[in-house]
Amino acid sequence: MRGNLRVNLLRRHPVAIALVVLLLATAIHPLSPLVDAVTGSAPGDADLDRPILYVMFAPLSNTLDALTFFSLARAEWAVAVWILALAAWGALRRSETPLTWRRRVVRALIGPGVLILLAIAAVLMPRPVPHLTTDGVGTVIDYHAHTNASHDGRPGWTLAKLAEWHERQGFEATYVTDHNVVYDGSLPVPPDISISLLPGVEWSVYRQHVVAIGPVEALSRDSFGESTARMVRIFAAIERQGALSIASLPEYWRNHWDDLGAFVVAGVDGFEIVNCAPKALGFPPDRRRQVLALAGSHDLVVVGASDNHGWGRVTCVWNVSRPGAQGFHTNRVFARPLALVQGNRWSWTAAVTQPWFMLRSLSWSERASWLTWVVIILLYRAMPRREGQAAGLGILARSLGRRRTAAVPNETPT
């Protein structure tokens with residue numbers, strides 16, 4: 001009898017049972033929720049603090065984060081596979097009653113429709129997000145972020161909204177680096193915001209974006225066009241202004257990989273090694289290691305960049321700037337592991353590997369939340385329904401209904 005019960009449970013609820021198995025299997029060899037992008041190890045002096053609502057609704061929170069941390073190539077593969085799989089499952093799933101072709105089409109469209117809504121929610125929906133906590137040594141900072149002053153910034157994405165976005169995630173300061181826009185002097189801090197807004201700029205030159213931070217001044221970009229040899233002269237020009245130059249992803253990886261030695265000779269001050277933009281998340285881990293070796297051997301700074309343009313509610317990376325440190329040891333880069341694996345090969349596996357990596361990176365509190373929701377849904381679906389009884393709010397509604405019925409005394413005929 002117990003065997004029949006297990007078979008019936010598996011047949012009736014295969015998705016829920018598979019999810020429970022995955023949650024338990026991924027707990028055997030989990031990923032750290034936060035990784036030092038330089039050493040590859042879990043930091044002992046920094047962690048992610050997750051709000052109660054984030055953990056309570058962990059299945060939704062983690063799913064929206066996983067959709068946010070897709071590289072462009074992996075996103076294209078995953079969306080295509082998921083849409084086809086969900087449409088096929090909806091169209092071919094058995095029904096207790098015969099289906100007309102119209103109802104079958106509607107069922108086929110429900111899954112892809114939900115996926116599209118989740119993608120929109122990942123980009124736009126306000127929600128609780130994790131924030132970085134540290135031991136207090138150093139400043140939590142972002143070196144690369146945008147407002148609507150950039151040509152590709154989200155409309156209405158003001159300095160105040162950018163500052164609030166950073167503050168909610170534990171940043172204490174951020175450089176505002178709009179495309180080819182130079183800010184005069186210090187930036188105004190919006191009311192009720194405690195973080196510092198620092199002036200910077202992202203220069204668009206020959207097949208490369210260069211982030212300049214510090215006392216930046218206007219430059220004639222035409223002087224750094226047409227060739228790599230002309231472009232690298234911008235590093236010296238930025239240095240003469242007293243600012244620092246950082247080569248941005250994904251351009252130096254895609255367009256100038258064989259020219260990084262020339263970058264160093266020309267005076268670049270550092271490199272981004274993590275960038276949260278979809279085009280940059282595909283940066284391969286082996287090339288990140290090569291850039292780290294190059295920067296370490298020449299004592300250059302390495303940074304992470306949210307590259308926020310107003311799209312998406314979470315960052316994949318934080319920096320902790322050490323007071324008094326110089327060069328390669330100036331900055332520590334802490335990243336979400338799901339962002340660091342986006343550059344692995346075989347993008348066509350993303351439909352399977354993205355959920356797998358997401359489940360592996362869950363904290364124990366998030367994993368418990370997932371299991372709780374699975375059990376609640378299983379119990380709700382297992383509760384027998386009487387003919388004519390509305391679904392209501394599930395088990396609670398039915399339970400309360402029974403109690404009310406039991407509380408009414410039987411009437412005796414007069």
Side-chain angles (χ1 to χ4, degrees), residues 139 141-147 149-153 162 173-187 196-275 277 280 291-292 294-309 319 321-322 325-331 333:
T139 302
I141 190 170
D142 188 7
Y143 290 96
H144 183 173
H146 299 262
T147 69
S150 290
H151 67 275
D152 50 357
L162 179 69
T174 180
Y175 283 95
V176 182
T177 55
D178 284 310
H179 291 289
N180 309 312
V181 175
V182 176
Y183 291 97
D184 295 327
S186 60
L187 297 174
S196 300
L197 298 177
L198 307 173
V201 61
E202 183 177 15
W203 293 115
S204 303
V205 288
Y206 177 73
R207 305 185 71 195
Q208 180 63 45
H209 289 178
V210 177
V211 174
I213 55 176
V216 294
E217 300 175 8
L219 291 172
S220 174
R221 289 189 294 133
D222 293 341
S223 303
F224 312 107
E226 298 182 359
S227 69
T228 300
R230 288 167 59 92
M231 182 274 293
V232 296
R233 295 188 302 182
I234 194 172
F235 302 130
I238 292 172
E239 183 179 9
R240 286 193 294 271
Q241 296 178 356
L244 298 178
S245 58
I246 299 172
S248 179
L249 285 169
E251 290 80 20
Y252 78 72
W253 155 47
R254 293 190 177 276
N255 302 331
H256 294 287
W257 184 250
D258 295 329
D259 303 320
L260 297 189
F263 280 38
V264 174
V265 171
V268 69
D269 292 298
F271 294 93
E272 290 181 354
I273 58 169
V274 181
N275 183 302
V291 172
L292 285 170
L294 177 67
S297 63
H298 291 86
D299 199 27
L300 304 177
V301 68
V302 291
V303 305
S306 74
D307 202 1
N308 178 265
H309 286 67
N319 301 273
S321 179
R322 298 174 176 177
Q326 300 291 327
F328 187 71
H329 300 287
T330 299
N331 193 63
V333 183

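Model, not experiment: these values are computed from the prediction. One-based numbering along the sequence shown. Heavy atoms only: backbone and side chains are in, while hydrogens, waters and symmetry mates are out.
- Taking all atoms of both residues into account, the shortest heavy-atom contact from Ser150 to His146 is OG-ND1, 2.8 Å.
- Judged purely by atom type and a 3.5 angstrom limit, Asn308 has no side-chain atom pairing as donor or acceptor with the backbone of Ala145.
- Trp253 places none of its side-chain heavy atoms less than 4.5 Å from the side chain of Val291.
- Here the CZ-CG distance, from Arg240 to Leu219, works out to 9.0 Å after rounding to the nearest 0.5 Å.
- Arg207 contributes no side-chain N or O that, together with a main-chain N or O of Met231, makes up a donor-acceptor pair within less than 3.5 Å.
- Taking the side chain as every heavy atom from C-beta outward, Leu198 and Tyr143 never approach each other to under 4.5 Å.
- The minimum heavy-atom distance between Gly267 and Phe235, with the atom names listed, is C-CB, 3.7 Å.
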Does Leu197 form a side chain to side chain contact (heavy atoms under 4.5 Å, CB included) with Thr174? I'd like the steps, not just the answer. CA-CA 5 Å; Leu197 298 177; Thr174 180; 3.5 Å; yes

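- Leu244 places none of its side-chain heavy atoms less than 4.5 Å from the side chain of Val301.
- Side chains of Asp259 and Tyr252 form no contact here, defined as non-hydrogen atoms less than 4.5 Å apart.
- Put simply, the side chain of Phe263 does not reach to within 4.5 Å of the side chain of His298, judged on heavy atoms.
- No donor-acceptor pair under 3.5 Å is formed between the side chain of Asn319 and the backbone N or O of Asp142.
- Panel note: side chain Arg230, backbone Gly225; a donor-acceptor pair is recorded below 3.5 Å.
- Using a 4.5 Å heavy-atom threshold, the side chains of Tyr175 and Ile141 count as touching.
- Shortest non-hydrogen contact noted between Ile213 and Ala243 is O-CB, 3.2 Å.
- A distance of 6.0 Å separates CG in Asp307 from CD in Glu202, rounded to the nearest 0.5 Å.
- Heavy atoms only, all atoms of each residue included: Ala212 and Ile238 are closest at CB-CD1, 3.8 Å.
- Ile246 places a side-chain heavy atom less than 4.5 Å from the side chain of Glu272.
- For Trp203, there are no ring pair (Phe, Tyr, Trp, His ring centres under 6.0 Å) partners, not counting sequence neighbours.
- Using modelled atom types, one side-chain atom of Asn180 and one backbone atom of Ser204 make a donor-acceptor pair closer than 3.5 Å.
- Residue Asn275 comes nearest to Leu249 through the heavy atom pair ND2-O, 3.6 Å, listed as atom of the first residue, atom of the second, then distance.
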Apply side chain to side chain contact (heavy atoms under 4.5 Å, CB included) to Val216 and Tyr183, showing your working. CA-CA 8 Å; Val216 294; Tyr183 291 97; over 6 Å; no

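- Remark: side-chain polar atoms of His329 are not paired, donor with acceptor, to backbone N or O of Gly327 under 3.5 angstrom.
- The shortest non-hydrogen separation linking Gln326 to Thr330 is C-OG1, 3.0 Å.
- By the 4.5 Å heavy-atom criterion applied to side chains, His179 and His309 are counted as neighbours.
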